[in-house]
Amino acid sequence: DKKKGEDWSQAQYNFSINPNAQEEWANLGLTTQTAEMLQIGFENEGISFPVFIYGELLDVRNYKAGRKPKVITRRKAKTLLLPFDVWREDTRPTLLCAGEKDMAINRQMGFNAITFTGGEQAFPKLFKHSFKGKKVYIAYDNDQAGREGARKVASLLKDAGAIPHVVTGHYEVCTEKGEDMHDFYIKYRKTADDFRSILESTNEFGEEDHRTEQQKYIPLVTIEESTK
């Protein structure tokens with residue numbers, strides 16, 4: 001849609017000239033090149049991640065450090081995949097991250113990183129077909145929501161025909177509850193090579209893991225139980 005594209009070009013320009021937005025971006029350890037790749041914009045406050053699907057702007061994720069919640073989405077937005085249009089043409093293995101900040105730093109580090117806009121427990125069913133045959137590494141936060149979400153999403157990805165891997169090696173670095181991939185690079189000063197070593201030692205999410213996880217969201221019942 002031409003009008004939407006023009007509207008977002010203005011938001012990108014606003015980001016490029018707004019010192020507060022530039023400072024917030026730089027404080028995350030992120031570069032101008034990464035902002036351009038992700039088409040980062042500015043709308044009133046914080047920094048805005050546009051969610052383009054086949055060139056159409058379907059959502060905007062506004063991030064502001066220190067705000068509760070840190071990320072605000074547009075009303076009635078569905079769970080989508082960010083950045084879909086960049087990711088869908090990349091044949092490398094996928095790195096699924098917990099949020100825009102983790103996705104951005106991992107893209108900057110050279111990984112084919114994405115995030116689901118609905119959170120760590122969410123799965124964008126509209127894009128199931130896009131994952132068939134893809135190797136996907138899931139690197140979520142070191143907390144209960146992250147650990148449980150990673151396994152749930154791995155199971156759903158396996159249902160979709162993907163080859164999922166649940167990454168936990170970064171927890172040995174990010175030992176504090178809630179620490180994430182952004183902390184791995186910025187707080188602990190780890191490198192892309194450090195993370196590649198973790199990925200190389202991460203096993204595939206196997207059939208037994210899959211069956212165990214399926215029991216949580218598709219519980220098996222006996223025929224007698226089902227009649228009740």
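Atom set for the values below is all heavy atoms of this structure, side chains included, hydrogens, waters and symmetry mates excluded. Every value quoted in this text rests on a predicted model; they were computed, and no experiment measured them.
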*Group every Ile, Leu, Val, Met, Phe, Trp and Tyr by side-chain heavy-atom contacts under 4.5 Å, then state whether Leu28 and Met103 land in the same group.*
yes
*Shortest non-hydrogen contact from Ala98 toward Glu120*: CB-OE2, 3.3 Å
*Would you confirm whether Asn18, through its side chain, and Phe15, through its main-chain N or O, come within 3.5 Å as a donor-acceptor pair?*
no
*Arg88 charged N/C atom sitting above Tyr54 aromatic ring, 6.0 Å / 45°*: no
*Main-chain N/O of Asp143 paired with Asp141 side-chain donor or acceptor, under 3.5 Å*: no
*Please, which pairs that meet ring-ring contact (aromatic ring centres under 6.0 Å, His included) have at least one residue in residues 134-176, sequence neighbours excluded?*
Tyr137-His165
*asked:* Would you call the rings of Phe184 and Phe195 parallel, tilted or perpendicular, taking 30° and 60° as the class edges?
replied: perpendicular
*Derivation and outcome, side chain to side chain donor-acceptor pair (under 3.5 Å), residues Gln108 and Thr34*: CA-CA 6 Å; Gln108 185 165 294; Thr34 304; 2.7 Å; yes
*Could you tell me whether the side chain of Asp102 and the main chain of His182 form a donor-acceptor pair under 3.5 Å?*
yes
*Applying the side chain to side chain contact (heavy atoms under 4.5 Å, CB included) test to Leu96, which of Leu81, Val166, Ile138, Val167 qualifies?*
Ile138
*Angle class for the Trp87/Phe131 ring planes (parallel below 30°, perpendicular above 60°, tilted otherwise)?*
tilted
*Within one Ile-Leu-Val-Met-Phe-Trp-Tyr cluster: Trp25 and Ile186, side-chain cutoff 4.5 Å*: yes
*Can you check whether Arg92's main-chain N or O pairs, donor with acceptor, with Asn112's side chain at less than 3.5 Å?*
yes
_Using a 3.5 Å distance criterion without hydrogens, assess whether the side chain of Glu179 forms a donor-acceptor pair with backbone atoms of Thr175._
yes
*Is the number of heavy atoms from other residues, nucleotides or ligands within 6.0 Å of CG (Asn27) greater than 12?*
yes
*To the nearest 0.5 angstrom, please state how far the OG atom of Ser197 sits from the NZ atom of Lys190.*
10.5 Å
*Identify whether the distance between the nearest side-chain nitrogen and carboxylate oxygen of Lys187 and Glu176 falls below 4.0 Å.*
no
*Do the ring centers of Phe52 and Phe84 come within less than 6.0 Å of each other?*
no
*Minimum heavy-atom separation for Trp8 to Leu57, with atom names?*
CE3-CD2, 4.0 Å
_Once side-chain hydrogen bond (donor to acceptor under 3.5 Å, both in side chains) is applied, do any residues pair with Tyr185, and if so which ones, sequence neighbours excluded?_
Asn106
